[in-house]
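This report refers to the structure that appears directly beneath it.
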Number of protein chains: 2
Amino acid sequence: MTDTDISTQSINTIRFLAADAVQKANSGHPGLPMGVAPLAYVLWTRHMNYDPQDPLWPNRDRFVLSAGHGSMLLYAMLHLAGYDVSMDEIQRFRQWGSITPGHPEHGETPGVETTTGPLGQGFANGVGMALAAEHLAATFNREDFQILDHHVYAIVSDGDLMEGMASEAASLAGHLRLGRLIYLYDDNRISIDGSTELTFTENRAARFEAYGWHLAFVEDAHKLDEVDRAIATARSDPRPSLIVCRTHIGYGLPTKQDTAAAHGEPPGIEELNGAKEALGWPLEPMFHVPDEVREHFTESTRRGKEKHQEWLKLMDAYRSALPDAAEVWERTLAGTLPADLEEKIPRFEPDEKGLATRASSGKVLNALAKELPELIGGSADLTGSNKTDIKGEQPFTREHRSGRYIHFGVREHGMGGILNGIALYGGLIPYGGTFLVFSDYMRPTIRLAALMRQRVIYVFTHDSIGLGEDGPTHQPVEQLPSLRTIPNLTVIRPGDANETAYAWLAAVQRSTGPTALALTRQSVPTLDRETYAPADGLMRGAYVLADLGDKTPELILLASGSELGLIVEAGNQLAANGRNVRIVSFPSWELFEEQTQDYRAEVIPESVTARIAVEAATPFGWERWVGDRGLVLGINRFGASAPYEEIYQNLGLTVEKIVEEADRLLD
Amino acid sequence: MTDTDISTQSINTIRFLAADAVQKANSGHPGLPMGVAPLAYVLWTRHMNYDPQDPLWPNRDRFVLSAGHGSMLLYAMLHLAGYDVSMDEIQRFRQWGSITPGHPEHGETPGVETTTGPLGQGFANGVGMALAAEHLAATFNREDFQILDHHVYAIVSDGDLMEGMASEAASLAGHLRLGRLIYLYDDNRISIDGSTELTFTENRAARFEAYGWHLAFVEDAHKLDEVDRAIATARSDPRPSLIVCRTHIGYGLPTKQDTAAAHGEPPGIEELNGAKEALGWPLEPMFHVPDEVREHFTESTRRGKEKHQEWLKLMDAYRSALPDAAEVWERTLAGTLPADLEEKIPRFEPDEKGLATRASSGKVLNALAKELPELIGGSADLTGSNKTDIKGEQPFTREHRSGRYIHFGVREHGMGGILNGIALYGGLIPYGGTFLVFSDYMRPTIRLAALMRQRVIYVFTHDSIGLGEDGPTHQPVEQLPSLRTIPNLTVIRPGDANETAYAWLAAVQRSTGPTALALTRQSVPTLDRETYAPADGLMRGAYVLADLGDKTPELILLASGSELGLIVEAGNQLAANGRNVRIVSFPSWELFEEQTQDYRAEVIPESVTARIAVEAATPFGWERWVGDRGLVLGINRFGASAPYEEIYQNLGLTVEKIVEEADRLLD
């Protein structure tokens, strides 16, 4: 069989594995796999290095299918390449419990580098992976030990390029000259509503040139040598590359090719058979994989397997030559932490005036950064406000790849996608800062970090009306509760400096998902932990700070963050008036919910029904903790522009108000 | 006084009004106003048409300060131009109850066209305004009656151009050739973290050219004739224009000019006085406005006032010549609706199989579109899925401006900002569709619509795990509760076709804020309203659908949307077993909360503590309605990829499960 024949056979195998699976599931997206099969074929067989026996080999090339709806393309490639994605799983595409879900899901399927489907996300994830690769290469590679040296490939679609987050990530990638990025753009000129002429007529290539990318063009995806050369040229170009490949959605379908009808629904057996006939493919059996195609793929993966074996030897030598570096490499890659980390977080002395939790956060971050070289991050152009800088650390730039401070620019959504990519890459713990209110800009990426169970840390400062004069556009009120609704996201709003230290500890220790820290702009008192319970109570989400008065509590006051100071003061006033009051610090619902029912009942006994929760946010959801007889003092409106003490006063978040409501509740 | 002198005087007046106000408030952003004062001066005095006595004159030029942190620039302009923004208010900048809040807030201050501060938003709002202007001009203008013919100006910053949403909006504006847009780019080369060299080195001009914009350059903002010419050229260009103006942040400040330190904090009295000395400005009094500057501004506003008077005459003639068009114009501009709208919404016959609420939504939208020419909208490239098209209606394109269907492309965030701009423009009711899960992509714009009290309608389909095979990336679970946390947003999840009709009615009738409709992909039964209470109960948020059994209810079942069918069936089974069960349809928390306490207690009596809420979303917040003794059947995890019936089954949202839990609760 000639090279051309086997290539054509292979491409049609990919194409019809995908189309057959969609047809069988009676659900899915056949158009993309049928169109880009030639691109994936050239990329996977002639360029990418990977070892299906070790999908996590650190020096593998990464492949991101940013257009995640074409998931069957990826599953077909993984199957043919010999990953543990069986024909049975291909045939159970989109069924309950299969490893071939509707969109690629990281963690569910070996070889799936990231979860995609929401457009733009994979694009930005790839940028994060390339950034991580550069950083770790600069950190661990030595002249004779190029232990990291690979590329990040992606297939991106019109939809990806329309999404603003991809624009953000692309601009930053060009700025940082992330040359390891090679993106193949599936230029099929069709989106769901119809022709791209309907709404997407900008000059995409010129736009990416403006970002500082290398551009290449393939006029026909079936000209495999053109595709091959374009990738080769891209690999040698120091800039990130976008290869614009003219493709045809639903290639081969008699009436649906080049139409939106090929995008997101089963082709129908008639169209499917029409395509098979047109392309000389047997109608039966479905899911046909010729033996020679299997052999060809097995052959083509040999290159990667050999590279992997060489790499293992290189790592042995590395371990001998550079035992200290190797130790850090292995620890960070495993995602484990130094054992004594809790001893390394700062302790803060009691202080009535105290400091903003964003300020204590900055101190804690700096202490942790000394212990954890894997900590890398930055801010969306709010470094000084978020206190996210690491003192003495250089920024990550074109020239200085070992720097671990990232100037993300005013690009929150891109930042979130890049943080996910860094976390997915492995060996690093990424963090990113912005104002809490702008967590909305990056929300889709927070959701995906939670879904993918990635350790990403969000430093969300200016966490309430307490930011003052900037007013309602900058004052979060609904962001705290709305973040709490996201499954597998831990939200922590520490109440003073020492709680902030433990909040960071909880965040870096949490290896199964992201953590959002909500931090104040304004100062809050540092509590005296001789008088009040120790701050490590934060690790349990909520804890009894003190029982004030001689007897069993008749009232429980609960608060998070900056309102903790208010309930401490109110509690003391009430106690002075003869009340028996429990003060509960409640920085994290999620951590509290992970505790035993016994512990939770100990902190908030069912018998004490007089409960008041105080939080400078919409009170949404607090009923869970205060119960039918309880009360929530929150903010059921947007904020206001004024010095913050006046806003607190005018919106009724004051010690007097708490005392008054407590008295009313108890009488 | 020469022209140059009075210009310089005026510019310095703007500059120091802003800087003095920031200094007095001890909070704010002096850098932008000091830098762009010359741009604003030329724009407002030589080009813009407006009448400070009637800030809502429909044919005024719009001015958007997208870089909203420079709010004092806008307040200074409004004050000098003679809007009702007094010197007293200027001096109460950023104080409680002033009309000069930290960022410009639409509705708080005459002449403030939109609320800005969150970057990128104003940019996209302007695109929406320009689109609205084109559409209404095409609809209402006649050859002799150019009642709408004006421009939309904005000052945009580095931060705006970095935000992805602005990229989305810019791409669409170029595609649609919205030539009324003229944006002045404050190219000061400084962002908060420092020089734009840190992270923003893309070729911005080339990028905008790629979008199809006209580009112009002003090398020095102080060359007023250059600025003037660039604006004049832009006005005559059929494309949207970006005028790149080299400016200097904090112009005049001795040490802070051209540094990030000038951005967001008071200059300090020394720097401020240094600037005044350097620019020949008196140190005292602060807030100095020379008489000749006042006169000059009064003179410069004469052009706009005269145009306004001419326009009023034109409208009189219009009313005589075209009474029908004038009536529609006046009704829509006032934001009122035809009186008999309720009669025009479709009624759906009972049907066991029923239809998806996205499908009934499509029918209702089409019925309403016949009655409401002001209804304009589209989808973020999901027209067929969202059922947002208006049959027989042409899309809004370069050539066809009267079309009222907008192909937004895969640009959810840009769409949200454009919808806000359309609503702010007046005379139109905009709607936009995407999948509910992707409401996250446009969340900042939803918040701003709520904050600005704008009538925007979101058509969020595929509202749960009920979308099936596409899996967790596409299945909203936390979006419903998280949207409910936003103040002044009404969320409605109708339970059948007839509720969907009323949901749309509620949405178009709500003139004080946005409404989000959550709609199913899958079919839901159309209830028999002879057996069950009428669907207009939806307008009250929650209502008793039926009391099943002979006696006082011992159990209340509550549900929204697609789960309504489940509780109806479960309720009937329980009643057949001798239980007395109340079925409550609960499509909207916000509408229910607007009802009297009496009504609410009637629907959910305190005495019935056995309550079960069923909703295919995270159960967050439902405790408010089910109480301490109640139960929520929701989804405390991400979804899964499979046929939807299996997901419901596997995640325990079934009639059997409800019956089982009800029995347990009652026994």
Side-chain angles (χ1 to χ4, degrees), chain A residues 27 94-96 101-103 117-119 159 162-165 167-168 171 174-175 191-193 198-203 206-207 210-211 381-383 407 409-411 413 440-441 443-444 451 469-474 478 481-482 485-487 618 620-621 623-624 627-628 637-638 641-642 646, chain B residues 27 94-96 101-103 117-119 159 162-165 167-168 171 174-175 191-193 198-203 206-207 210-211 381-383 407 409-411 413 440-441 443-444 451 469-474 478 481-482 485-487 618 620-621 623-624 627-628 637-638 641-642 646:
Chain A
S27 168
R94 296 187 154 227
Q95 303 309 304
W96 182 269
H103 291 81
L119 291 166
M162 279 191 262
E163 288 287 3
M165 78 169 312
S167 301
E168 294 175 14
S171 175
H175 169 78
S191 73
I192 294 179
D193 274 8
L198 281 178
T199 192
F200 192 42
T201 53
E202 59 164 65
N203 186 336
R207 170 153 69 97
Y211 293 140
D381 197 40
L382 288 168
T383 296
H407 288 287
V410 190
R411 303 180 180 108
H413 202 176
D440 280 359
Y441 273 69
R443 194 171 166 90
L451 180 58
E469 290 90 343
D470 272 348
T473 54
H474 284 54
E478 76 278 26
S482 88
T485 64
I486 301 178
T618 55
F620 202 92
E623 292 88 352
R624 181 176 304 174
D628 289 354
R637 50 163 282 181
F638 290 109
S641 171
E646 284 182 50
Chain B
S27 169
R94 294 187 154 229
Q95 303 309 304
W96 183 269
H103 290 81
L119 291 166
M162 279 191 262
E163 288 287 3
M165 79 168 311
S167 301
E168 294 175 14
S171 176
H175 169 79
S191 74
I192 294 179
D193 274 7
L198 280 177
T199 191
F200 192 43
T201 54
E202 59 164 66
N203 185 336
R207 171 154 69 95
Y211 293 140
D381 196 40
L382 289 168
T383 297
H407 288 286
V410 189
R411 305 180 179 108
H413 202 176
D440 280 358
Y441 273 68
R443 194 171 165 90
L451 179 58
E469 290 90 343
D470 272 348
T473 54
H474 285 55
E478 76 277 26
S482 88
T485 65
I486 301 178
T618 55
F620 201 93
E623 292 88 352
R624 180 175 305 173
D628 288 353
R637 50 162 282 181
F638 290 109
S641 171
E646 284 181 50

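Order of the sequence lines sets the chain letters (A, B, ...), proteins ahead of strands, with each chain counted from 1. The figures here come from the full heavy-atom set of this structure, side chains too, leaving out hydrogens, waters and symmetry mates.
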Side chain from CB out, backbone as N, CA, C, O: work out which of these in [X] comes under 4.5 Å of a heavy atom of chain A, or both, or neither.
X        : result
B:Thr618 : side chain
B:His103 : both
B:Thr201 : both
B:Ser167 : side chain

Side chains of B:Asp470 and A:Arg94 in contact at under 4.5 Å (non-hydrogen atoms): yes
Contact winner vs chain A - B:Glu168, B:Met165, B:Glu469, heavy-atom pairs under 4.5 Å: B:Glu469
For chain A, the option from B:Glu646, B:Arg443, B:Gln95 that forms the most heavy-atom pairs under 4.5 Å: B:Arg443
Main-chain N/O of B:Tyr441 paired with A:Tyr441 side-chain donor or acceptor, under 3.5 Å: no
Main-chain N/O of B:Gly102 paired to A:Ser641 side chain as donor or acceptor, under 3.5 Å: yes
Results of side chain to side chain contact (heavy atoms under 4.5 Å, CB included) for A:Asn203 - residues two or more places apart only: A:Ala205, A:Ala206, B:Ala210
Test: B:Arg624 cationic atom under 6.0 Å from A:Phe620 six-membered ring centre, within 45° of axis: yes
Test applied, side chain to side chain contact (heavy atoms under 4.5 Å, CB included); reference residue, A:Ser171; option that passes from B:Met162, B:Arg207, B:Glu202: B:Glu202
A:His413, part contacting chain B, at a heavy-atom distance under 4.5 Å: side chain
